Every structure is written in C-alpha cells, then in structure tokens.
2 protein chains.
Amino acid sequence: MSDTELSCSNCDKASCALLTLSPKEISEMEIHTNQTDMHKGDLLLRQETPFHSIIYLRSGYVKEFVINKNGPDQIVQMIKPRSYIGLQSLFSNKVSAFSFQAISDVELCYIEQDTFNILIRGNGDFAREILIALSNETLNNQKRILGLNQKQIFGKVADTMLYMSEQIFENKEFDLMMSRSEIAQMIASTRESVTKALLWFHQERMIDMRKNRLKILNVTRLKDISKKG
Amino acid sequence: MSDTELSCSNCDKASCALLTLSPKEISEMEIHTNQTDMHKGDLLLRQETPFHSIIYLRSGYVKEFVINKNGPDQIVQMIKPRSYIGLQSLFSNKVSAFSFQAISDVELCYIEQDTFNILIRGNGDFAREILIALSNETLNNQKRILGLNQKQIFGKVADTMLYMSEQIFENKEFDLMMSRSEIAQMIASTRESVTKALLWFHQERMIDMRKNRLKILNVTRLKDISKKG
DNA sequence: GTTTAATTGTGAAATAGATCACTATTTCAT
DNA sequence: ATGAAATAGTGATCTATTTCACAATTAAAC
C-alpha cells in the first residue's frame, strides 16, 4: 500500500527464491510485477484459462481445485503465504491445469510469465530454488492424496486436520477457512460425513471446535486414527 | 548387447531430450552410463533408498508404487519405454519417493546423477525437455488419480483399462501385465471387485479377455462408464 | 507330465458411507 | 435488529463395496 511496499527489494514477505536474485534482476522483476489485493471468495485463476503471470501469494490463503462437470469440485490443496501459484503449468501448458480461489483476503503479486522465464534461464540458483519448491509441493501432494485414498472417512478427516495444522497454518490452533462441504471436497466424501467425524473428534476431546476456530488437543490419537481408521 | 548398442549416440531407442545434446555432451553421458537388463519382477529402486543414478527405460514396462506398512501397496502409475525414472526426486530429495519394479523384462540405462545434473545446468534446451517431461507426467498422474477418487469401482476399472490402452500401450489390444490384485492397488479397491468389473465388461462385449490378452471392443461405452459409473 | 503354488472366479453376509428429508444454527444484508 | 440465505447437525434408510470362505483355473517347479 505504501510506496516502499511496492518494491520487491525491500519486501518483508519475500520468497526464498528471491534471495538468489541480484539487485539488477530484482529491479527487472519489479518492473514487470503488479501487486493487487483480493477478497475472500475471489477466483484468482480458472482452469483451462491462458495465464500470463505467475502469482506470488504474499499473504492470505488460497485453495487449489478442479471443477467437474459431473459431480462436485475436487480440492487439491491449500496454499499458504509466500508460495508461488501456477508453477505446475509453467513448463507444460499455456493454460492452467487448476483453479485457484482465495479463502481469505489475500495480497498478490502478478509477475509476468516471460520475465519469470527469463530469470529462470539466466540464474541457475533461482531456477534451482523454484524447481525445489515445485518438486516438494508436487511430491507432498501426491503422497497425501495417495494416502487418503485408502483410508476411511474418520481417517481422512483426521489426516486433513493434521495437514492443516502442520503443513498450512503451522499451529495447533487455527481458523478453519473451509466449510464442511469444502473439506468433503478435499477427501472425496460428503458434508454429512465430515460433520459426523468432526463432532466425534470433539466429543472425544481430540479437538476443540467453537465457531470456526479449531484447536488440536490430542495429536497422538488423531495420528493414530489417520493411520488406520 | 552388441558394441554399437552400448553407445548413446547411435541408440535406436533414445529419448527426445537426448536430441538436444551436442556430440560432446553425448559422449560425456556415455562415459557415465551403464546399460543393464533386468527381468520381470525385479525391483529397480526402493523408496527411501538413496539413488545415484537416473534410470532410462529403453524397453519394457515398469510399475511405480508406494509400499505401505498398514495395508496393501499403492500403484502410482505404469511407465512405458523411453521414459526416465526417478526424475521426481531429482530436485528435492536424495532418496527416492517411490519404488519401481519391472513388470516385464526390461533394458535399462543407469545415468550417473551428477552427470545428469551437469547436463541440465549446461544445456538449457536439455533442461527444458526434462522439465516438460516431468511436468506433464506429474500433471497427468495427479489428474488421473484425482479423477479416480470420485468414481465408483466399475468406473475406476474402465478408466484404468483406457489408461493402459491409450497412455501406456498405445493400442486397443495389449497384454495385461498386472494381476487383478495389482489393478486393485491402482484404484484402491480389492481383487474381487476388479474381477467382477472385468468379467462384466467382457460379458457385455466391451472388452475381450483371454488369458492375459485384453482387447478393447467398445471404447465409447467404456468411456461412458468411466465418466459416470 | 505331474505336483505345487499362485492367481482368479463366485456367491452370501457384513458394513461403511451415501443419500435423503428435516431441523437448527450461523452469517449476511438491509 | 430483522429476515433471508447459507451452512451445519441429525437420524433413518438404502446401497455399493468389502470381506470371507471356498472352488476353479492357470502358471511354475521339479
């Protein structure tokens, strides 16, 4: 919002990859970057849509999902601050494979894709950081989704709560930014089943839930349920 | 097996990426590459194991899977000839995230990982080819597995037969190289359910099955079942 | 070629989870 | 503050799929 904040060089929420860039490269990036704010519920990018920018999530949370003709959407992952959005499709298609929606108010930086590509070509360390980020994200997602597949519902929900706590919010207490239906879309289940699981966890004092504030009380037991439940 | 076959420069089963390398780079690769043959059932690489080579699959077929403590293995994908194995973990970990097993006799080239990395750093076009291959593979897998999640069994099995026909064997007729149990491991189901699905498809003349030779007779109907069944 | 092991087929019973129809609560807009 | 819309909770029913136990077939080993 203030003038200084619009500069990448003194950004207080910069990515790890940015640290590998020279001052000259950073100012090159600044020229081709636009910062925008968006609100909860806004769609950042729609699948099958051509995209010309890589989006950097300065603050706030985003969900990545696939829109299905027959049946409900499928949520692939939640994205936390200081992440790049759209890297998956950078090296393959010109269109985005997924849709992205803000699940809180967010601050975004739109970096022109061409500029991004030039930086990757010109700076091996930057390229390496980006590739590591992309690889790790992809690998984590793949393993999580594979793991989900062979759990039953209580296990799936437990797993998802632990995922949010450990991977996304990095805290035992957090605001559940998704509705029961959305959680169901993360695990290919139904609103009702999610409700029942969460209520049971609450009854059994594994979690505390009031409004949309969730606190994990018994990690061990939840992990146990996640493993074989 | 003959002397000429051991050279990358006149390999008759080379990858697309290889075409981007200069003669000098190719001979650099040759020095650090070993060709081996393996048999059906052999384990090429075990998850959580350090690996020092990227494996190039010259001929034959491989399954990529995760070994689970509690419960059956999960098969991530089948890998067809002229593919690199282990790229997923190249940019992140020093250990492989997945296990790989030959499901037919295979010819393999072990390329030292350091050499591979040097080539990627030194040749932007090579790097690009590798990244595109990796991105596409990852994206396809992710979409397929997500799609599977919200189908019911007949849909999952239909989907898997079409996947084999279209993506892997590129033919309507092919040898089913996996047992019913293994197919079940691809879709998080059971041997018995796979059996029932395949028999029904056969009865309904959507496929022809004798021994392990499978022929797809009615693509349209199978696709229909895959979509909403 | 015979024996042994592994894989596949089959139907009945058990069950996890979806679906449905409805109520309660929370959130949002005016 | 009030009403409307969205989200969440609840229990009964229904159904797809797993589980189990056993028979049949196919592949491997000697």
Side-chain angles (χ1 to χ4, degrees), chain A residues 39-42 63 70-75 101 103-105 148-161 175-204 207-214 225-226 228-229, chain B residues 39-42 63 70-74 103-105 148-161 175-204 207-214 225-226 228-229:
Chain A
H39 294 294
K40 183 176 173 166
D42 290 345
K63 75 173 185 194
N70 334 300
D73 298 346
Q74 302 170 266
I75 297 176
Q101 184 182 30
I103 55 174
S104 72
D105 291 350
L148 279 177
N149 272 354
Q150 56 181 37
K151 290 183 211 286
Q152 44 200 93
I153 301 253
F154 281 28
K156 289 182 178 182
V157 177
D159 201 75
T160 304
M161 294 305 111
D175 282 317
L176 203 54
M177 293 183 180
M178 299 213 184
S179 69
R180 303 291 185 269
S181 303
E182 284 175 307
I183 296 170
Q185 288 171 13
M186 294 188 77
I187 61 177
S189 175
T190 59
R191 179 182 71 75
E192 292 93 328
S193 297
V194 172
T195 291
K196 282 160 195 171
L198 286 176
L199 287 176
W200 185 63
F201 296 165
H202 183 80
Q203 268 172 227
E204 295 280 315
I207 61 173
D208 184 73
M209 231 183 2
R210 39 197 55 179
K211 301 263 190 152
N212 267 334
R213 191 82 187 160
L214 195 142
I225 290 168
S226 158
K228 174 92 194 78
Chain B
H39 293 294
K40 182 174 174 169
D42 289 345
K63 75 173 185 193
N70 335 298
D73 298 347
Q74 302 169 267
I103 55 174
S104 71
D105 291 349
L148 279 177
N149 271 352
Q150 56 181 36
K151 290 184 211 287
Q152 44 200 97
I153 302 250
F154 280 29
K156 288 182 178 181
V157 177
D159 201 74
T160 304
M161 293 306 110
D175 283 316
L176 203 53
M177 295 184 179
M178 299 211 183
S179 69
R180 304 290 185 271
S181 303
E182 284 175 308
I183 296 170
Q185 288 170 12
M186 294 188 77
I187 61 176
S189 175
T190 59
R191 178 183 74 74
E192 291 93 329
S193 297
V194 172
T195 290
K196 281 160 196 171
L198 286 176
L199 287 176
W200 185 64
F201 296 165
H202 184 80
Q203 267 172 229
E204 295 280 315
I207 62 173
D208 184 73
M209 230 183 3
R210 40 197 56 179
K211 303 262 189 151
N212 266 335
R213 190 82 186 161
L214 195 141
I225 290 168
S226 158
K228 172 93 196 74

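Lettering follows sequence order; numbering is per chain, from 1. Since this is a predicted model, take the numbers as computed values, not measurements.
Taking atom NZ on B:Lys151 and atom P on D:dT17, their separation rounds to 13 Å, with Å as the unit. The interatomic distance linking B:Phe201 (CZ) with C:dG9 (C1') rounds to 16 Å, in whole Å. As rounded to whole Å, 12 Å separates atom C1' of C:dT7 from atom CD1 of B:Ile183. The CD-C1' distance, from B:Glu182 to C:dA6, rounds to 13 Å in whole Å. For B:His202 and C:dT10, the NE2 to P distance is 11 Å, given to the nearest whole Å.
Here D:dT19 is the nucleotide among D:dT19, C:dT19, C:dG9 with the atom lying nearest to any side-chain atom of B:Thr190. With distances taken from any side-chain atom of B:Arg191 to the nucleotides D:dT7, D:dT10, D:dA21, the minimum falls on D:dA21. The side chain of B:Ile153 lies closest to D:dT18 when the candidates are D:dT18, D:dT10, C:dG9. Nearest nucleotide to the side chain of B:Lys196, out of D:dA12, C:dG11, D:dG9: C:dG11. In the set D:dT18, D:dT10, C:dG17, C:dG17 carries the atom at the smallest distance from any side-chain atom of A:Ser193. The nucleotide whose nearest atom lies closest to any side-chain atom of A:Glu192 is, among C:dA12, C:dA21, C:dA18, C:dA21. The B:Gln152 side chain lies nearest to D:dA16 when the options are C:dT10, D:dG11, D:dA16.
Residue B:Arg180 places at least one side-chain N or O closer than 4.0 Å to OP1 or OP2 of C:dT8. Side-chain N/O atoms of A:Ser189 include none lying less than 4.0 angstrom from OP1 or OP2 on C:dG17. Considering only side-chain N and O atoms, A:Thr195 lies nowhere under 4.0 angstrom from the phosphate OP1 or OP2 of D:dA8.
Using a 4.5 Å heavy-atom threshold, the side chains of B:Ile225 and B:Trp200 count as touching. Between B:Leu198 and B:Met161 the shortest side-chain heavy-atom distance falls below 4.5 Å. Here the side chains of B:Lys40 and B:Ile103 are not in contact, with every heavy-atom distance at 4.5 Å or above.
For the side chain to side chain contact (heavy atoms under 4.5 Å, CB included) with B:Ser189, the lone residue among B:Val157, B:Ile153, B:Ile183 that qualifies is B:Ile153.
Ranked by how close their nearest DNA chain C nucleotide is to the 5' end, A:Lys211 and B:Ser181 are led by B:Ser181. Annotation: of the two residues near DNA chain D, B:Ala188 and B:Lys40, the 5′-most nearest-nucleotide partner is B:Ala188.
Taking each heavy atom of A:Ser104 and A:Met177 in turn, the nearest pair found is CB-SD, 4.0 Å.
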